[in-house]
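As structure tokens, the structure follows; a few thoughts come after it.
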Amino acid sequence: MSGDLPLNINIKEPRWDQGTFMGRAQHFFMVTDPRNVLLSSEILEDARVTVEDYRLGVVKPGLTEDQLWRAKYIYDSAFHPDTGEKMLLVGRMSAQVPMNMTITGCMLTFYRTTPAVVFWQWVNQSFNAVVNYTNRSGDAPLTMNQLGAAYVSATTGAVITALGLKSLTKHLPAIMGRFVPFAAVAAANCINIPFMRQRELKCGIPITDAEGKRLGESTKAAQQAIVQVVVSRIGMAVPAMAIPPVIMNALEKKAFMKRFPVLNAPVQVGLVGFCLVFATPLCCALFPQKSSMKVSSLEPELQESLRQSSPHTTTVYFNKGL
């Protein structure tokens, strides 16, 4: 070992206590930091070397613990956790805020005509498909057929919901029409995520004991994980798609906005971005990444199997995904 940094720092786990909401929030503020999108290939490669060398017991001279954790989060922001490959830029978690603020801002700005509604819902679901493909699990790889089916179903669901609600709001106050994109996005999340993870619903996801020993696969755990992810995704959209419409409805009545209508889209995108900077990590932190459930809540055959193989286990753990 060259350097003074000890080798017992567990960089496989987050830096902060994931048993508390604040610890999870701190972790996800680092994971979703949009500034990581701007990092050069040289910085990303340096972080990769630092992390992989540390795991092998090699410490760069002068490396501090803060620098190690910074390298770990830079590495995690750009490289796939299972394959180690560099991920597509727009599919990384650090790209969520800049990409979503642009797409959501445009959905909220251009909602009055049917072609605009269809176009921006299609753009949004295309982006979601890229994110889902980029962050696909290496343990249960996503096939192109699954990806395509989820993409088509989510896009269709979002467009039908948006157009249906748009027609219903014609005779309601104008402010109501501004919330149509949110309803469409919520509906698409309810379709897209279960469809993308249908293999987990059929075959189950790995469950472990408190020490991380794999005990089997559970479809009940998969159901709980998917519900938590859907709630988190919809929660992310609430501030960004509910607060800006109210503010914009008031601003558009002001003289300066009437004089400079070109400001509508930039202001809307800015408001959405401000909301997403906080909503994205805070909603990711709603549920622990390593979720748990009682053995008594698992499917009967798995309960029986665990009673024989691990009789002292009362709670099992699983990765809920993002």
Side-chain angles (χ1 to χ4, degrees), residues 12-14 18 31 76 79-85 87-88 91-93 125-126 128-158 186-235 283-284 286-322:
K12 290 182 179 180
E13 298 293 333
Q18 297 301 285
V31 170
D76 287 350
F79 296 90
H80 194 280
D82 294 324
T83 66
E85 297 176 356
M87 295 184 287
L88 295 170
R92 300 173 191 172
M93 286 302 292
Q125 293 310 318
S126 297
N128 286 340
V130 172
V131 171
N132 288 327
Y133 177 77
T134 303
N135 295 281
R136 65 198 183 280
S137 170
D139 189 43
L142 194 67
T143 67
M144 292 307 294
N145 285 341
Q146 290 172 324
L147 182 68
Y151 170 60
V152 171
S153 61
T155 303
T156 303
N189 276 322
C190 292
I191 298 169
N192 190 312
I193 296 168
F195 221 111
M196 292 297 286
R197 298 175 64 172
Q198 59 181 298
R199 184 184 181 279
E200 298 175 20
L201 291 171
K202 293 177 182 176
C203 306
I205 58 175
I207 56 171
T208 68
D209 60 16
E211 284 71 44
K213 178 186 175 184
R214 189 160 174 165
L215 302 173
E217 289 78 33
S218 169
T219 56
K220 292 284 188 182
Q223 291 168 16
Q224 179 173 307
I226 290 170
V227 168
Q228 290 178 347
V229 171
V230 169
V231 170
S232 294
R233 292 279 188 95
I234 293 176
C283 288
C284 281
L286 285 176
F287 305 101
Q289 190 65 38
K290 186 180 180 181
S291 288
S292 63
M293 66 189 304
K294 296 293 183 183
V295 170
S296 57
S297 299
L298 298 172
E299 43 269 58
E301 60 274 18
L302 188 54
Q303 291 184 43
E304 181 60 33
S305 173
L306 292 179
R307 270 194 288 269
Q308 296 177 13
S309 63
S310 186
H312 301 297
T313 300
T314 58
T315 303
V316 295
Y317 301 86
F318 54 92
N319 182 357
K320 73 174 176 64
L322 289 171

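Numbering of residues begins at 1 and proceeds along the displayed sequence. As the structure is a computational prediction, the values presented were derived from the model and not from experiment. Atom set for the values below is all heavy atoms of this structure, side chains included, hydrogens, waters and symmetry mates excluded.
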Rounded to the nearest 0.5 Å, what separation is found between the [atom1] atom of [X] and the [atom2] atom of [Y]?
{"X": "L306", "Y": "D209", "atom1": "CG", "atom2": "CG", "result": "9.5 Å"}
{"X": "Q223", "Y": "M293", "atom1": "CD", "atom2": "CE", "result": "8.0 Å"}
{"X": "Q289", "Y": "E13", "atom1": "CD", "atom2": "CD", "result": "10.5 Å"}
{"X": "T313", "Y": "E211", "atom1": "OG1", "atom2": "CD", "result": "8.0 Å"}

For [X] against [Y], the heavy-atom pair lying closest together:
{"X": "A225", "Y": "F318", "answer": "CB-CE1, 3.8 Å"}
{"X": "S232", "Y": "C283", "answer": "OG-O, 3.2 Å"}
{"X": "M93", "Y": "C284", "answer": "CE-SG, 4.3 Å"}
{"X": "C190", "Y": "V230", "answer": "SG-CG1, 4.0 Å"}

Taking side chain to side chain donor-acceptor pair (under 3.5 Å) as the definition, give me every residue that meets it alongside E217, ordered by chain and number, with sequence neighbours left out.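 If we apply the side chain to side chain donor-acceptor pair (under 3.5 Å) test to E217, skipping adjacent residues, the hits are R214.
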Residues two or more places apart in sequence or in another chain: which of them pass side chain to side chain donor-acceptor pair (under 3.5 Å) with E299?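 With sequence neighbours excluded, E299 shows a side chain to side chain donor-acceptor pair (under 3.5 Å) to S218, T219, given in chain and number order.
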Test Q228 against S291 for side chain to side chain donor-acceptor pair (under 3.5 Å), laying out the working first. CA-CA 9 Å; Q228 290 178 347; S291 288; 2.9 Å; yes
side-chain contact (heavy atoms from CB on, under 4.5 Å) between S297 and Q224: does it pass, once the steps are laid out? CA-CA 10 Å; S297 299; Q224 179 173 307; over 6 Å; no
Assess the residue pair K294 and T315 against the criterion (side-chain contact (heavy atoms from CB on, under 4.5 Å)); give the C-alpha distance rounded to whole Å, side-chain angles, the decisive distance to 0.1 Å, and a yes or no. CA-CA 4 Å; K294 296 293 183 183; T315 303; 3.6 Å; yes
What's the verdict on side-chain contact (heavy atoms from CB on, under 4.5 Å) for L298 and I207, showing C-alpha distance, side-chain angles and the deciding distance? CA-CA 10 Å; L298 298 172; I207 56 171; 4.1 Å; yes
Atom NZ of K220: over 12 foreign heavy atoms under 6.0 Å: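 No, because the 6.0 Å sphere around NZ of K220 holds 12 heavy atoms or fewer from other groups.
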